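Remarks on the structure that follows.
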Amino acid sequence: MKYLTLAETYQDLQATSKRLEMRDILVDLFRGTEPRLMGRVVYLTQGTLGPDWEGLQLGLGEKLVSRAIALTAGISDDDLEALVHREGDLGLATEAAFASKGPKQVQLFQESLTVDRVFESLTMVARVEGSGSTEKRIRLLQQLLMDADPLSARYIVRTVVGKLRLGIADMTILEALEKAFLWAEDEERVMGSDKVVETIYNVHPDMGAIALAVANEGAEGLAGFGIQVGVPVRSMLAERLGSTPEILEKMGDRCAFEYKYDGMRIQAHVGLEGVHLFSRRMETITSQFPDVVQAMESAFADVEAIMEFEAVVHNPETGELLPFQEVSHRRGRVHGLAESVEDYPLVLFAFDLLYLDGEELLLQEFQLRREALESLLGKAGEGPIRPSTLRWVEDPEGGDDFFLEAIAAGCEGIIAKAIGEGSHYRAGARGW
DNA sequence: CTTGCCTGCCC
DNA sequence: ATTCTGC
DNA sequence: GCAGAATGGGCAGGCAAG
């Protein structure tokens, strides 16, 4: 498959803002794609090269990509900057530069770019490291752009800087996958009626792998993708509500209030093969938190579980909780890990349990998950792992006190959580 | 060796 | 994280 | 109400340059 085919599809997508139309453009693309290529096509359309937890980074942003473009098009940095200003973004500027004096001129003997070539080149860019790697990354991108027609160049550049701006993202791609491979040809349904693919994606957020499976095997391909220790579950998120009446309307008269800790979210997976930690955005952060790994190992031996925590730096002498800024010193840390563990000691407030010893708890009501969590934590004993502070509420009007209490405890506020019917864990959605 | 740009990811 | 837009 | 894009503050690491 030519990359230009993909680029033309992207152009079509940009031409409309109607979501159903966008979805159908993607459906046509997917149905016309060799199954073998579906993983790569979907990753590129997402603007990635693999699942988030694999941590591939291109390591090129606006500045460095600009250098590659200027070199390839044979224009000065200043000229390129002027073009960006005129055209609106770096992708369009590249297209314009290539169209007027593009490298197409030297292209008589080259084959046009394929999806494979683009994907593999970008993967190479992501893999380079060490001294001289910046230069090498730029050169690799330059070589790729050298063979690109103007339209392809627009989207390659946007992919690398991480701003495809197609008007579509995860949800639309998932719906398109569903329609392309699970619906009969020409079938029409209410949008989002089944959401089989999305449901799988929520517990196995690797769209390339899912696309490949569903393109090759249809619905049966989805069988192998259930919730699994070691694979992150998409986080359920909170939305901001301004007032008690709003909370009442959203949650009904009975709900739970919980401290909203000013820390960093960690999804912990413990199992027979060790501990895995993931960030809210499904990045692997295991090696950055050896203290957390150790705490999990000693608290949850012989257990298989997926739990969610808010990690907060505290003062062990006073028990005082410290603000987000403190825990942010630990994010991304590779050097001086032992010192940072000392300097920024963590408390881990457990607030949800998604999986326990072969049992999926995602679909259970909040009370049940909370009970299971507390009983699991009961076995953990003393230590940095604690249950989040929670209050079952009969009368939400009385939430003001709890709010003030949370603020006094060093928290950002409170979170209202629905209970009872419909209070399952809504992975990937805003529901708290 | 130190400094500062650049990138990526947390909120 | 928040804010804005279009459907 | 949802999906997507754009934007902000702040931190650490990797690398290039001095």
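Chain letters run A, B, ... following the sequence lines, proteins first and then strands; every chain starts at 1. Excluded from the calculations below are hydrogen atoms, water molecules and symmetry mates; all remaining heavy atoms, backbone and side chain alike, are included. Just so it is clear, the structure is predicted and the values come from calculations on it, not from any experiment.
In this structure, the side chain of A/R67 does not engage the main chain of A/I138 through any donor-acceptor pair within 3.5 Å. A donor-acceptor pair is defined here as one N or O able to donate and one able to accept, closer than 3.5 Å; no such pair exists between the side chain of A/R386 and the backbone of A/L348. Proximity of a side-chain donor or acceptor of A/T33 to a complementary backbone N or O of A/L29 within less than 3.5 Å is detected.
Rounding to whole angstrom units, CD of residue A/Q46 and P of D/dA3 are separated by 15 Å. Nucleotide C/dT2 holds its C1' atom 13 Å from the CD atom of A/E239, rounded to whole Å. D/dA12 atom P lies 16 Å from atom CD of A/Q57, rounded to whole Å. The interatomic distance linking A/M22 (CE) with C/dG6 (P) rounds to 12 Å, in whole Å. A straight line from CZ of A/R23 to C1' of D/dC2 spans 15 Å, rounded to a whole angstrom. In this structure, CG of A/L20 is placed 17 Å from P of D/dC2, rounded to the nearest angstrom. Spacing between atom CD of A/E21 and atom C1' of C/dC7 amounts to 12 Å, rounded to whole angstrom units. Protein atom CG of A/L164 is 19 Å distant from nucleotide atom P of D/dA3, rounded to whole Å.
Remark: A/D52 engages no residue in a salt bridge (charged side-chain N to carboxylate O under 4.0 Å, His left out) (not counting sequence neighbours). The side chain to side chain donor-acceptor pair (under 3.5 Å) test applied to A/D291 returns A/R330, not counting sequence neighbours. Looking at residues two or more places apart in sequence or on another chain, you find a side chain to side chain contact (heavy atoms under 4.5 Å, CB included) between A/K18 and A/T16, A/E21.
Between B/dG8 and C/dA1, the distance separating the two C1' atoms is 16 Å to the nearest Å. Of the C1' atoms belonging to D/dT7 and B/dC10, the separation is 15 Å, rounded to the nearest Å.
DNA chain B lies under 4.0 Å from at least one heavy atom of each of the following residues of residues 277-285 of chain A: A/S279, A/R280, A/R281, A/E283. Within residues 74-92 of chain A, no residue places a heavy atom under 4.0 Å from DNA chain B. Non-hydrogen atoms lying under 4.0 Å from DNA chain B are contributed by A/F324, A/R331, all within residues 318-337 of chain A. Near DNA chain B, meaning a heavy atom under 4.0 Å from it, residues 402-429 of chain A has no residue at all.
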Could you go through A/K163 and A/E62, starting from their C-alpha distance and side-chain angles, then the distance that decides it, and tell me whether this counts as salt bridge (charged side-chain N to carboxylate O under 4.0 Å, His left out)?
CA-CA 10 Å; A/K163 284 187 238 181; A/E62 298 265 353; 3.4 Å; yes
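Note on A/G130: only backbone sugar-phosphate atoms sit closer than 4.0 angstrom, heavy atoms only; bases stay farther off. A/D170 comes within contact range of the sugar-phosphate backbone alone, with a heavy-atom separation under 4.0 Å but no base atom that close.
The nucleotide range of DNA chain B contacted by chain A, defined by atoms under 4.0 angstrom from heavy atoms of the protein and reported 5' to 3', is B/dC6 to B/dC11.
Listed by first and then second residue, the salt bridge (charged side-chain N to carboxylate O under 4.0 Å, His left out) pairs involving residues 413-432 of chain A are A/E258-A/K417 (not counting sequence neighbours). For the salt bridge (charged side-chain N to carboxylate O under 4.0 Å, His left out) condition, no pair includes a residue of residues 319-328 of chain A, sequence neighbours left out. The stretch residues 231-246 of chain A participates, sequence neighbours left out, in these salt bridge (charged side-chain N to carboxylate O under 4.0 Å, His left out) pairs: A/E239-A/K250. Applying the salt bridge (charged side-chain N to carboxylate O under 4.0 Å, His left out) test to every pair with at least one member in residues 68-93 of chain A, sequence neighbours left out, gives these pairs: A/D89-A/R158.
Taking the six-membered ring for Trp and the full ring otherwise, A/Y259 and A/F402 have centroids separated by under 6.0 Å.
The side chain of A/S131 contributes no N or O atom lying less than 4.0 Å from OP1 or OP2 of D/dG14. In terms of phosphate contacts, A/T134 brings a side-chain nitrogen or oxygen within less than 4.0 Å of OP1 or OP2 of D/dA16. When the side-chain nitrogen and oxygen atoms of A/R240 are compared with OP1 and OP2 of C/dA1, none of them lie within a distance under 4.0 Å.
Using a 4.0 Å cut-off between a side-chain N of Lys or Arg and a carboxylate O of Asp or Glu, A/K179 and A/D24 qualify as a salt bridge.
Summarising the local packing, CZ of A/R31 is surrounded by more than 12 heavy atoms from other residues, nucleotides or ligands at distances under 6.0 Å. Remark: A/M1 CE is packed, more than 12 non-hydrogen atoms of other residues, nucleotides or ligands lying under 6.0 Å away. Other residues, nucleotides and ligands contribute only 12 or fewer heavy atoms inside 6.0 Å of the CD atom of A/Q294.
Along DNA chain D, the nucleotide nearest A/Y344 and the nucleotide nearest A/G167 are compared for position; the residue whose nucleotide lies closer to the 5' end is A/G167.
Separating the CD1 atom in A/I285 from the CZ atom in A/R280 is a distance of 12.5 Å, to the nearest 0.5 Å.
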